Amino acid sequence: MRTTPCLVILAHPDLAHSRVTRRVQAAFEAEPQLVVHDLYARYPDFWIDIEAERTALSAAQLVVWLHPVHWYGMPALMKQWMDTVLGYGWAYGPGGTALAGKDLWLCASAGGAEESYRAMPSAPAEAHPFEPFLPPYRQTATLTRMRWLPPSVFFHAHQAAPAALDAHVAELLARLRRHPEGLDDTPWALPAEVAGERPLEGGL
Ligand SMILES: Cc1cc2nc3c(=O)[nH]c(=O)nc-3n(C[C@H](O)[C@H](O)[C@H](O)COP(=O)(O)O)c2cc1C
């Protein structure tokens, strides 16, 4: 039984019509020691309670970012959450160690098929298909000294068969329940030339 406190930051501007995220949310919410912050429900005016978010983050060991891919990145309120909550002197910079040592796991869904992402000219052959769009996420983890876990991206979100969606949700739950042992045991790995990149250690 997993005992790691987990905070899920969920950002979906139209959750009522979601096929994937809503299913994942329901599955996650049934898990013990797991708190879901539905950002669009909590902050419809984009006015984020920074202290409340930081308190919840401080209590978590595993932080999950759960969102649909919008324009190859995160929905606007997720970005607003990062801009305001992950502040200088708290998440990074002098004394900014609040997130150090925590684990960060991106669980996203994309309308595009996995093959279409693999076919992108900038996609390294053996890397995660979403790799060209991951550096801002990964660099955020580096700067805040969080451990970047292999991301889970569900492709072809609208067309994928119900069985594929069921399997995706089951896989997310299995990985969650194995944490901290199992989350980074997946075969996914960056190719050497990408893994060897020196992360930007400087501030923003
Ligand atoms: C505004 C907007 C932008 C989107 N941009 C992308 C994109 O850049 N790449 C992609 O693969 N899918 C894109 N999609 C499709 C969503 O990723 C897809 O609808 C979502 O992952 C499905 O998850 P859900 O069932 O939880 O809504 C976009 C959808 C919307 C509404």
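The first residue of the sequence shown is numbered 1, and numbering continues consecutively from there. We count ligands from 1, going down the list as the structure has it; atoms in each ligand are counted the same way. The shown structure was predicted, so the numbers you read here are calculated from the model rather than taken from an experiment.
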Classify the ring geometry of [X] against [Y]: parallel below 30°, tilted from 30° to 60°, perpendicular beyond 60°.
X: F133; Y: Y117; value: perpendicular
X: W65; Y: W81; value: perpendicular
X: F46; Y: Y40; value: perpendicular

pair E53-R42: side-chain heavy atoms closer than 4.5 Å = yes
Check: L15 and T21 side chains under 4.5 Å, non-hydrogen atoms = yes
Quick one: does ligand 1 sit under 4.0 Å from the side chain of [X], the backbone, both or neither, non-hydrogen atoms only?
X: H17; answer: neither
X: F155; answer: neither
X: A157; answer: side chain

Please write down residue, atom name and distance for the protein heavy atom closest to [atom].
atom: atom 13 (C) of ligand 1; answer: V69 O, 3.2 Å
atom: atom 8 (O) of ligand 1; answer: Y72 N, 2.8 Å
atom: atom 23 (O) of ligand 1; answer: S109 OG, 3.1 Å
atom: atom 18 (C) of ligand 1; answer: H158 NE2, 3.5 Å

Can you tell me if R23 has a non-hydrogen atom under 4.0 Å from ligand 1?
-> no
In terms of atom number and element, which parts of ligand 1 are under 4.0 angstrom from non-hydrogen atoms of [X]?
X: W71; result: 3 (C), 4 (C), 5 (N), 6 (C), 7 (C), 8 (O)
X: Y117; result: 9 (N), 10 (C), 11 (O)
X: T21; result: 24 (P), 26 (O)
X: P68; result: 20 (C), 21 (O)
X: R19; result: 24 (P), 25 (O), 26 (O)
X: G111; result: 10 (C), 11 (O), 12 (N), 15 (C), 16 (C), 17 (O), 18 (C)

For G73, does its backbone N or O pair with a side-chain atom of K79 as donor and acceptor, under 3.5 Å?
-> no
Any donor-acceptor pair under 3.5 Å from S18 side chain to D14 backbone | no
Indicate yes or no: does an N/O atom of G112 lie under 3.5 Å from an N/O atom of ligand 1?
-> yes
Can you find an N or O of H12 that's nearer than 3.5 Å to an N or O of ligand 1?
-> yes
Shortest heavy-atom approach to atom 1 (C) of ligand 1 - which of Q25, H67, H70 | H70
Consider side-chain contact (heavy atoms from CB on, under 4.5 Å). Of [options], which one does [X] pass it with?
X: L62; options: L7, L176, L34; result: L176
X: L66; options: D38, V24, L39, V36; result: V24
X: E131; options: S122, P124, P151; result: P124

Considering only NZ, NE, NH1 and NH2 on the basic side and carboxylate oxygens on the acidic side, decide whether E126 and R118 come within less than 4.0 Å.
-> no
